[in-house]
Number of protein chains: 2
Amino acid sequence: MPKIVNHDDRREKIARATWQVILDKGMEGATVRNIAKEAGLSLGALRYYFKSQDELLVYAMELVKNRATKRITAVSKKELPPKEMAIEILMEIVPTNAQTRAEMEVWLAFVTYMKPRKHAKLHINDDILQGMEKIMQYLSATGNLRAELDVSIETERLYAFIDGLALHALLHPEHLSPEQIRKTITYHIDQICIF
Amino acid sequence: MPKIVNHDDRREKIARATWQVILDKGMEGATVRNIAKEAGLSLGALRYYFKSQDELLVYAMELVKNRATKRITAVSKKELPPKEMAIEILMEIVPTNAQTRAEMEVWLAFVTYMKPRKHAKLHINDDILQGMEKIMQYLSATGNLRAELDVSIETERLYAFIDGLALHALLHPEHLSPEQIRKTITYHIDQICIF
DNA sequence: ACCTTTTTGGTACAACTGTATTATTAAATC
DNA sequence: GATTTAATAATACAGTTGTACCAAAAAGGT
């Protein structure tokens, strides 16, 4: 059993370099050579940590997913009133800063890249949908949700609303400031809650 | 002034072949050779109609935009009650059939492809935003909109909601049937309108 | 018939792609 | 210190890319 010093750290560093290259040059620019150059490694070194390009891309995307999941669960751990809690979690999904914007940009590039390639299925959105269900359930259980609403459709509506907002924040960041995003999300929550 | 028989028709045919290739193999597969093969032309012939690949891609995307615009304006010409009119127009934006799904898939692939390439700006979303503004304005002018609502934020909300729904319909067509899409859209319109 | 212009197919080329292979260095284990 | 393994670098290769070029064909006008 050989002692491996920092194998996983290196893979993560390479994944980070991959994100940067995708941000700079798009999915087409995510070549093994560009990634190796960004990571400061040789082709051979890169190939040692990832046997193929596909393995590298999949790993990099799973890391994106894990990061987002971690951020969201961290927020959900905080002690907040139901409505504020919902708003904070939703704000964590919509890209508002360079960090989260980069994450979603990479994710979107990867999704459209993988779309015509059947074999690899993506389950990222399922997690977000589950999050929406949890939020609606939470608001309902704490008595904040207006009683006459259809929870099932409202979940779908919130899901679409948030992802659309995220898409717009990504494609037109100059037209949708973080303050406007928060205002719009708060508005929606207020509309489906009592008061 | 030489008589050109069907120059524009050929360019449109090539653009259509480009869409098909993007649908089949993604943006990475949209090579001049693949497109020429799909269109049944030689490399030289293709190059005669489009001096560069960029010119071809831009032309193909403008055609997508024109098609969508035409479909929507055609619906808006119909004589319908305000709420039904709004629903029909919104249904035209969300991809519900193979045709419109293909259009949006190509558009999304193109947008993410062009994102890191600064020079070319896309104005497609501006048109959709203007459409949302028109719908809200129309609902408001005909007295269907609930009075206490903030029209500005409601427009942004509708905009995000529809684009999110469109994104979901594209990425998870099995989870969002046309009937469900119509039901969700109708629900949203009902929520912001009187009755 | 001739000539001009449009349209096409074929080929060539330099650059880039993912992957494979090799030799060499650094590190760990005995 | 010896030896085994991890890690790196360099190079090679076959395939694909966008673009350029050119000769042949088709079409149109005179």
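Keep in mind that what you see is a predicted model, and the values were worked out from it rather than measured. In what follows, every chain begins at residue 1, and chains take the letters A, B, ... in the order their sequences are listed.
At a threshold of 4.0 Å, the pair Glu88(B)-Lys78(B) does not count as salt-bridged, since none of the basic side-chain nitrogens sits closer than that to a carboxylate oxygen. Classification of Glu12(B) and Arg16(B) as a salt-bridged pair holds, one side-chain N sitting under 4.0 Å from a carboxylate O. Between Glu92(A) and Lys70(A), none of the side-chain N atoms (NZ, or NE/NH1/NH2) sits under 4.0 Å from a carboxylate O, so this pair counts as no salt bridge.
One interatomic measurement links the two molecules: CG of Asn34(A) to C1' of dT17(D), which rounds to 15 Å at whole-angstrom precision. Taking atom CD1 of Ile35(B) as the reference point, atom P of dG18(D) lies 8 Å away to the nearest angstrom. dG9(C) atom P lies 15 Å from atom CZ of Arg33(B), rounded to whole Å. Regarding Phe50(B), its CZ atom lies at a distance of 19 Å from the C1' atom of dA20(D), rounded to whole Å. If you measure from atom CZ of Arg10(B) to atom C1' of dT8(C), you get 10 Å, rounded to the nearest angstrom. Whole-Å rounding puts the Leu41(A) CG to dA10(D) P distance at 12 Å. Going from atom NZ of Lys25(A) over to atom C1' of dT17(C) covers 14 Å, rounded to whole Å. Atoms CE (Met27(B)) and P (dG18(D)) sit 11 Å apart, rounded to a whole Å.
In the set dA9(D), dA12(D), dT17(D), the nucleotide with an atom closest to the side chain of Ala45(A) is dA9(D). The Val32(B) side chain lies nearest to dT19(D) when the options are dT8(D), dT7(C), dT19(D). Of all nucleotides listed (dG18(C), dT8(D), dT19(D)), dG18(C) comes nearest to the side chain of Gln53(A). Comparing dT11(D), dG18(C), dG18(D) by their nearest atom to the side chain of Leu43(A) picks out dT11(D).
Of the side-chain N and O atoms in Ser42(A), none sit less than 4.0 angstrom from OP1 or OP2 of dT8(D). Regarding contacts with the backbone of dT6(C), every side-chain N or O of Tyr49(B) stays at 4.0 angstrom or more from both OP1 and OP2. OP1 or OP2 of dT7(C) has at least one side-chain nitrogen or oxygen of Tyr48(B) nearer than 4.0 Å.
Between the side chain of Ser76(A) and the backbone N or O of Thr73(A), at least one donor-acceptor pair lies under 3.5 Å. Not a single donor-acceptor pair under 3.5 Å links the side chain of Arg11(B) to the backbone N or O of Ala60(B).
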Report, as a single string ordered 5' to 3', how protein heavy atoms within less than 4.0 Å touch nucleotides 21-26 of chain D: B base, S sugar-phosphate only, - not at all. ------
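Side-chain contact check for Arg67(B) and Gln99(B): at least one donor-acceptor pair (N or O, by modelled atom type) lies under 3.5 Å.
Applying the salt bridge (charged side-chain N to carboxylate O under 4.0 Å, His left out) test to Arg47(B) and every residue at least two apart in sequence or in another chain returns nothing.
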